[in-house]
Amino acid sequence: MSGKGYSIVFSSRTGNTAELAEAVREALPEGTCEYFGSVNGAVGSGFDSDRNRNRSECSIANGNNKSGFDGSDDRGYAGAGCGRTSSAIPASETLFVGFWTNQGVADQAAQKLLEQLKGRKIFLFGTAGFGGSEAYFQTILDKTKACIDSGNTVIGTYMCQGKMPLSVRKRYVKMKEQPDCMPNIDAMIENFDKALSHPDADDLVKLAESVSEAIEQ
């Protein structure tokens with residue numbers, strides 16, 4: 001670790017995981033966040049998972065340089081004094097890596113980052129459209145951990161449900177109108193409606209508590 005610094009790197013398709021990332025930053029000691037931005041921005045592409053210009057921020061120990069990347073070119077933002085490796089992955093020993101769930105595991109961008117890490121302390125956090133089951137979240141986390149080299153140490157994990165686009169519900173309703181619709185379609189619609197409030201305040205509090213426990217180790 002470079003001093004007491006940390007980096008927060010995340011992939012967020014609909015904004016849910018980005019909301020968690022902000023909560024992680026707020027939970028960390030002031031002035032210790034060396035890098036904050038999208039996974040793709042961290043490896044230099046300058047875009048987040050929605051192909052928007054990356055607006056990564058670097059907060060240095062003295063609290064300066066928090067204006068963020070202005071999107072004027074195709075590079076991820078790294079202010080003077082921000083710890084970065086030659087491959088543009090943040091150099092902090094401790095990384096908080098956020099992801100969204102795709103087919104029961106972290107999205108590909110997050111997986112790609114995790115596969116490159118060596119000798120780091122990693123806190124995983126993520127969101128999934130289907131929730132309500134800690135066992136389901138644990139399955140996702142276990143599959144995601146399989147992407148991490150054994151030379152790293154996972155210091156903590158956190159997952160919660162995340163709201164989905166309205167287009168998903170419309171698709172479910174259209175599926176229900178079909179004569180041969182899936183028998184669990186009503187449960188899928190119910191899950192969608194339940195997810196609309198997440199991440200909620202309670203989710204963010206629980207995440208902050210998990211982060212605090214991890215950095216006190």
Side-chain angles (χ1 to χ4, degrees), residues 6-25 27-28 33-58 69 75-78 83-85 87-131 136-165 195 198-199 203-204 207 210-211 214:
Y6 309 86
S7 287
I8 303 168
V9 190
F10 58 94
S11 179
S12 187
R13 187 178 187 181
T14 59
N16 294 324
T17 307
E19 190 173 349
L20 295 190
E22 289 287 357
V24 171
R25 177 160 61 172
L28 294 173
C33 182
E34 297 177 331
Y35 178 85
F36 180 94
S38 73
V39 166
N40 289 331
V43 294
S45 72
F47 292 90
D48 64 17
S49 58
D50 288 326
R51 305 305 297 165
N52 297 314
R53 290 288 185 180
N54 176 47
R55 300 187 63 82
S56 305
E57 297 181 6
C58 176
F69 176 60
R75 294 175 294 108
Y77 179 81
R84 306 293 288 279
T85 66
S87 63
I89 295 174
S92 308
E93 181 183 355
T94 302
L95 294 179
F96 292 81
V97 180
F99 63 89
W100 55 277
T101 301
N102 185 28
Q103 298 182 339
V105 68
D107 64 275
Q108 290 188 355
Q111 287 188 51
K112 183 176 180 180
L113 171 67
L114 291 169
E115 289 168 354
Q116 297 179 64
L117 300 178
K118 306 290 182 182
R120 307 296 188 96
K121 295 178 181 179
I122 302 170
F123 184 104
L124 291 173
F125 63 97
T127 58
F130 286 88
Y136 173 62
F137 289 154
Q138 191 58 54
T139 298
I140 296 169
L141 288 166
D142 288 343
K143 289 181 179 179
T144 301
K145 287 178 185 178
C147 304
I148 300 175
D149 184 84
S150 60
N152 298 290
T153 302
V154 177
I155 61 172
T157 62
Y158 180 80
M159 281 200 71
C160 70
Q161 193 169 18
K163 54 188 168 292
M164 294 173 278
H198 295 277
D203 295 328
L204 301 183
L207 171 58
S210 296
V211 169

Verify, without hydrogens or angle tests, whether [X] (side chain) and [Y] (backbone) share a donor-acceptor contact under 3.5 angstrom.
X    : Y    : result
T17  : S12  : no
D203 : H198 : no
N152 : R120 : yes
T127 : C160 : no
Q161 : F130 : no

For the residue pair [X] and [Y], what are the closest heavy atoms and their distance?
X    : Y    : value
F99  : A110 : CB-CB, 3.6 Å
G162 : A195 : O-CB, 3.7 Å
L207 : F123 : CD1-CE2, 4.1 Å

*Donor + acceptor pair across side chains of W100, S11 (<3.5 Å)*: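 Per modelled atom types, W100 and S11 side chains form a pair under 3.5 Å.
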
Within this structure, what is the [atom1]-[atom2] distance for the pair [X] and [Y], rounded to the nearest 0.5 Å?
X    : Y    : atom1 : atom2 : value
I122 : I148 : CD1   : CD1   : 4.5 Å
I89  : L95  : CD1   : CG    : 8.5 Å
T94  : L28  : OG1   : CG    : 9.5 Å

_Residues which pass side chain to side chain contact (heavy atoms under 4.5 Å, CB included) with A128, listed by chain and number, not counting sequence neighbours_ =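 For A128 the side chain to side chain contact (heavy atoms under 4.5 Å, CB included) partners, ignoring immediate neighbours, are T101, Y136, F137, I140, M159.
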
*Not counting sequence neighbours, which residues clear side chain to side chain contact (heavy atoms under 4.5 Å, CB included) with E22? List them please.*
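Here the qualifying residues are R25, F36.
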
_Suppose we screen for side chain to side chain donor-acceptor pair (under 3.5 Å). Which residues come up paired with D149, at least two apart in sequence or across chains?_
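Only K118 meet the side chain to side chain donor-acceptor pair (under 3.5 Å) criterion with D149.
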
*Steps toward side chain to side chain contact (heavy atoms under 4.5 Å, CB included) verdict (I8, C33)*: CA-CA 7 Å; I8 303 168; C33 182; 4.0 Å; yes

*ring-ring contact (aromatic ring centres under 6.0 Å, His included) between F96 and F125, intermediate numbers included*: CA-CA 7 Å; F96 292 81; F125 63 97; 7.4 Å; no

*Quick one: list whatever passes salt bridge (Lys or Arg N to Asp or Glu O under 4.0 Å) with E115, sequence neighbours left out.*
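By the salt bridge (Lys or Arg N to Asp or Glu O under 4.0 Å) rule, E115 matches no residue at all.
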
*asked:* Tell me which pairs pass side-chain hydrogen bond (donor to acceptor under 3.5 Å, both in side chains) where either residue lies in residues 137-148, with sequence neighbours left out.
replied: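 Listed once each, the pairs are Q138-D142.
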
